[in-house]
Structure formats: C-alpha cells, structure tokens
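Not measured: the values here are computed from a predicted model. All residue numbers in this chain count up from 1 along the given sequence.
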Amino acid sequence: MATKRQKTNNGAVTEEFFSDIPKIKYCPDAAPDDVLCFKHYNPTQIVRGKTMQEWLRFSVCFWHTFRANGTDPFGLPTMKRYWDDNSSSVEMHKLRLRVGFEFFTKLGVKFWTFHDRDISPEGETLEETNRNFDEITDLALDLQQQTGVHLLWTTCNLFGHPRYMNGAASNPDVHVFAFAAAQVKKGLDTAKKLGALNFVFWGGREGFHTLLNTKIYAELSHIAAFLRMAVEYKEKIGFTGQLLIEPKPKEPSRHQYDYDAMTVLGFLKHFKLDDHFKLNIEPNHTTLAGHCHEHDVTMASAFGILGSIDANSGSPDLGWDTDQFPTDIKSCTLIMKTVLEQNGLQPGGLNFDCKLRRESTDLRDLYHAHVFAMDHYARGLLNAAAILDDGILDRMTEERYSSYQGAFGRRVEAGKATMNDCAEYVAENGEPKQRSGRQELYEGILNRYV
C-alpha cells in the first residue's frame with residue numbers, strides 16, 4: 001500500500017496513506033465476505049428515538065491502533081507500517097497523527113482517544129516535553145477542526161516511564177508524586193485546549209506487589225489528595241469535561257487499588273470524591289477481576305456512575321489483559337441494554353481500546369477489526385432495543401420483586417420497618433413460599449433475541 005498525494009480544494013498537497021481503502025459505507029445486503037462495509041451499523045437509523053451514531057458514539061484509541069507493533073514478552077515487533085520509522089521525533093509523531101485522522105475519517109467515527117505520550121515524545125526535561133506536546137496538539141486541534149472528529153477523552157501515561165515503577169500518586173517518593181501531578185496539570189490544560197469531553201485516570205501502577213513494603217492507607221490517602229488536586233485544577237481552568245476513573249484489578253501491579261467498580265465507588269465515597277468522578281469501564285478488566293463481561297458496566301450504571309466504556313473483550317482462560325476486539329454478540333447486547341436503560345453514555349462513548357493480534361500484520365486488518373466491532377455493537381443495540389420494546393424480561397423481573405409493592409414491602413424499601421416489624425410479619429404470615437428464580441428461562445428468552 002503506497003502513499004498517494006492529492007490536492008485539496010485550496011490547492012494544498014496532502015498524502016493519502018490508505019489509498020486503496022474507500023470510505024466505509026453501510027451496505028445491508030453485503031455478503032459475508034464483503035468486509036470493507038457495514039452490514040448492520042447504519043449511523044442514521046433511528047433506534048428508540050436516537051440515531052445509532054448517537055447511541056454508540058464510537059471512538060478509536062490511538063495507542064493500540066497506531067503505536068502497537070506486535071511486541072510481546074516473548075517476541076520482537078511483527079507490525080511494520082510503511083510510514084513509520086519507529087523514531088521518537090516530533091515530525092514522526094505528526095505523521096502518525098495525520099495517518100490516524102485519515103483512518104478515523106474513512107471509518108466514519110466521530111471520536112478518538114489518546115495518552116499524552118502516545119502522540120508526543122518525552123524530552124530531557126518536563127519543559128521540553130511540554131513544548132513537544134504543545135506543538136503536536138496544535139496539529140491535533142487543526143486536524144479535529146478539518147475532520148469534525150472530536151476528542152472523547154485523553155489521559156496521562158503515569159505507568160510507562162521508569163520514574164513510575166513504584167506508582168505515581170501512590171509512589172512512596174513525594175518527588176515522583178509531584179512530577180505526576182505536573183504531568184496531569186498539563187494533561188488537563190491540553191484536554192481543555194482540544195475540547196475533550198472527558199479525562200481518564202487509570203492507575204496501572206497504583207497498587208503493590210508485596211504488603212511488606214506498603215503502607216496501604218497512606219497510599220490510598222495520597223491518591224485521594226492527587227485526585228482532589230485534579231478536581232480543583234479542573235475547576236480553576238474551566239475545563240468542563242467529565243473526570244473518569246478506569247478500574248482494573250491487576251497487571252502490571254499484582255494488586256491495583258481500583259480493583260473493580262464497587263471498589264472504586266467505595267474509595268470515592270470514603271474520600272468524599274464521588275460527586276466529581278464517574279467510571280470508564282473496560283470489560284476485559286472486569287473479567288480479570290473474576291466477574292462476567294457486563295458486570296461492572298451494569299454495576300456502575302446501577303449507582304449512576306457509568307461514564308464511558310472501553311469496548312473490548314478478553315480471553316478469560318488466559319488470565320491477562322489481552323485487549324481483543326469485541327466479537328460476542330450476546331455480550332454486546334447486554335452492554336447496550338444497560339446503555340439504553342440509562343439513556344445513553346454521553347458525554348462518554350464506546351472506545352475501542354483494542355489491539356490487533358500479533359499475527360494480524362496487514363494494514364487492512366485495522367479496518368476489518370474496527371468495521372466488525374462496530375457491526376457487532378450495532379447488532380447488540382438492535383437486540384437490546386427489541387428486548388426492552390417487548391418488555392418480557394422486565395415484566396418477569398418486576399413480578400419477581402412484586403412483594404415489595406405491598407404495604408409491608410414499601411415500608412422496608414422506605415427504611416421505616418424495624419426488626420420487631422419483621423418478626424411480627426413472620427408471626428402473622430408464617431413460612432415463606434419457595435419461589436423459583438427461573439434462570440434457565442431468562443437465559444433462554446435472551447438467546448431468542450441474539
């Protein structure tokens with residue numbers, strides 16, 4: 001695949017990096033091997049009062065898509081992109097951005113995401129690093145304005161550099177804590193500059209490998225202080241995006257403090273930060289925590305803190321974070337059922353935090369993976385809409401909890417019943433009747449829609 005040069009309307013010469021890939025279109029009659037089109041994702045189709053594009057809010061992540069090279073702990077890079085010389089120069093980072101925005105445009109997504117160090121090189125000093133970042137994000141802003149692609153969220157890489165080997169906000173060295181805070185300060189400035197809708201905190205090294213050298217409550221308190229600083233600075237500069245925390249139970253740390261949705265909720269409540277943060281849920285992280293794929297999405301939504309979703313999947317049999325593209329339609333259906341029930345993810349979205357397998361080395365694989373993932377979530381959306389429109393599962397569930405609609409049940413839910421009231425109720429009504437949970441029926445009905 002060669003670079004193609006072409007003139008724009010104003011006479012400027014631009015490069016086309018995917019010259020043999022057309023803009024991806026909706027083709028409902030596509031055959032199974034017509035793969036450079038959407039068979040199910042129709043951006044303008046109305047589903048329960050909104051377009052598919054509004055419900056799904058697809059986003060491409062920059063790091064896995066344009067910085068991954070197929071390296072793993074056992075092997076060297078396998079992905080060689082003809083435009084990329086693997087250098088860390090500012091010009092090479094600019095070129096990668098141009099490649100990325102062509103990809104976003106041809107795919108038809110309206111959002112992208114990045115870590116600060118994905119798109120800009122680190123310098124010898126923080127000042128040099130920030131100058132590089134300013135230069136690169138000037139181009140990013142220009143490309144956003146040219147294409148209409150918006151920044152769903154940005155985040156700071158506080159885990160890759162050796163300085164963060166013992167953590168960032170949880171680091172036992174306050175100097176490292178301060179460096180991380182300075183990096184996030186610049187990240188928030190840049191988020192405002194680029195009109196980011198959200199800003200994510202992921203504590204990849206905010207945890208421990210052994211308790212022998214760890215002061216747990218001190219580290220948690222330091223993380224809380226760090227996040228409080230971020231809230232204060234966000235308000236000071238007038239950044240209006242939503243702050244998000246992304247749970248993960250382990251890897252690279254043996255244990256991460258943001259283990260799962262309920263752990264993070266407890267942390268936020270304890271440190272009185274719950275009014276300022278929502279969660280960015282990655283299902284692959286959820287399964288690493290020992291839960292089912294949709295668990296943390298549903299749990300976060302139940303407590304009103306589901307902000308965005310990293311729409312990937314994993315291989316639970318492997319036990320590590322594989323960041324695979326979503327392929328299971330049932331999982332997509334259950335995720336979208338929750339999204340529909342909470343009336344959408346905005347200002348969040350579905351971000352494909354996914355990487356090609358090491359053996360998938362063709363440029364077209366980038367398109368195949370994203371096109372199919374978007375189609376799979378479109379099918380999930382349609383399935384979920386049908387489930388909610390029919391209302392069969394909802395009616396069954398309401399019936400299961402119907403005893404709480406009686407006078408005594410309403411008193412319990414209102415917090416007005418006492419232990420004595422419960423004892424009197426049992427004395428009057430005797431032994432409860434056994435009521436089937438009918439799990440197989442629920443699961444069978446779900447599969448009628450998938």
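- Legend: ring pair (Phe, Tyr, Trp, His ring centres under 6.0 Å) pairs involving residues 146-168, not counting sequence neighbours, sorted by first then second residue: Trp63-Trp153, His115-Phe159, Phe159-Trp202.
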Could you go step by step and tell me if Lys186 and Glu127 meet the salt bridge (charged side-chain N to carboxylate O under 4.0 Å, His left out) rule? CA-CA 10 Å; Lys186 184 63 175 178; Glu127 290 74 19; over 6 Å; no
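- The six-membered or imidazole ring of Tyr401 lies away from that of Tyr404, with a centre-to-centre distance of 6.0 Å or more.
- Between Glu232 and Arg228, no side-chain nitrogen of the basic residue sits less than 4.0 Å from a carboxylate oxygen of the acidic one, so the salt-bridge criterion is not met.
- Residue Glu124 qualifies as open at atom CD: its count of foreign heavy atoms under 6.0 Å is 12 or below.
- Within the structure, salt bridge (Lys or Arg N to Asp or Glu O under 4.0 Å) contacts touching residues 326-350 (residues at least two apart or in different chains) are Lys337-Glu341.
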For a quick test of your reading: what N or O donor-acceptor pairs under 3.5 Å do the side chains of residues 262-272 make, sequence neighbours left out?
unit_1, atom_1, unit_2, atom_2, d
Thr263, OG1, Asp260, OD1, 2.6
Lys269, NZ, Asp274, OD2, 3.4
His270, NE2, Tyr217, OH, 3.0

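- The salt bridge (Lys or Arg N to Asp or Glu O under 4.0 Å) search around Glu91 returns Lys94, not counting sequence neighbours.
- The salt bridge (Lys or Arg N to Asp or Glu O under 4.0 Å) pairs that include a residue from residues 155-184 are Glu122-Arg163, where partners are two or more places apart or lie in different chains.
- For an aromatic pair to be called close, the ring centres must be under 6.0 Å apart, and Phe104 with Phe111 fails this.
- Applying the salt bridge (Lys or Arg N to Asp or Glu O under 4.0 Å) test to residues at least two apart or on different chains, none of the pairs has a partner in residues 200-217.
- For the residue pair Thr44 / Asn42, a side-chain donor-acceptor distance below 3.5 Å is found, with atom types taken as modelled.
- With a 6.0 Å radius and a threshold of 12 heavy atoms from other residues, nucleotides or ligands, Met396 has its CE atom above the threshold.
- A distance of 6.0 Å or more separates the ring centres of Tyr233 and Phe239.
- Sequence neighbours left out, the pairs with a member in residues 189-204 that pass salt bridge (Lys or Arg N to Asp or Glu O under 4.0 Å) are Asp138-Lys193, Lys185-Asp189.
- In terms of the ring-ring contact (aromatic ring centres under 6.0 Å, His included) criterion, residue partners of His295 (sequence neighbours excluded) are, by chain and number, His291.
- In terms of the side-chain hydrogen bond (donor to acceptor under 3.5 Å, both in side chains) criterion, residue partners of Thr333 (sequence neighbours excluded) are, by chain and number, Asn383.
- Looking at residues two or more places apart in sequence or on another chain, you find a side-chain hydrogen bond (donor to acceptor under 3.5 Å, both in side chains) between Gln146 and Asp142.
- Ring-centre distance between Tyr377 and Tyr41: not below the 6.0 Å cut-off.
- Not counting sequence neighbours, the partners of Phe325 by the ring-ring contact (aromatic ring centres under 6.0 Å, His included) test are His370.
- Taking Arg411 as the reference, Asp421 meet the salt bridge (Lys or Arg N to Asp or Glu O under 4.0 Å) condition, with sequence neighbours excluded.
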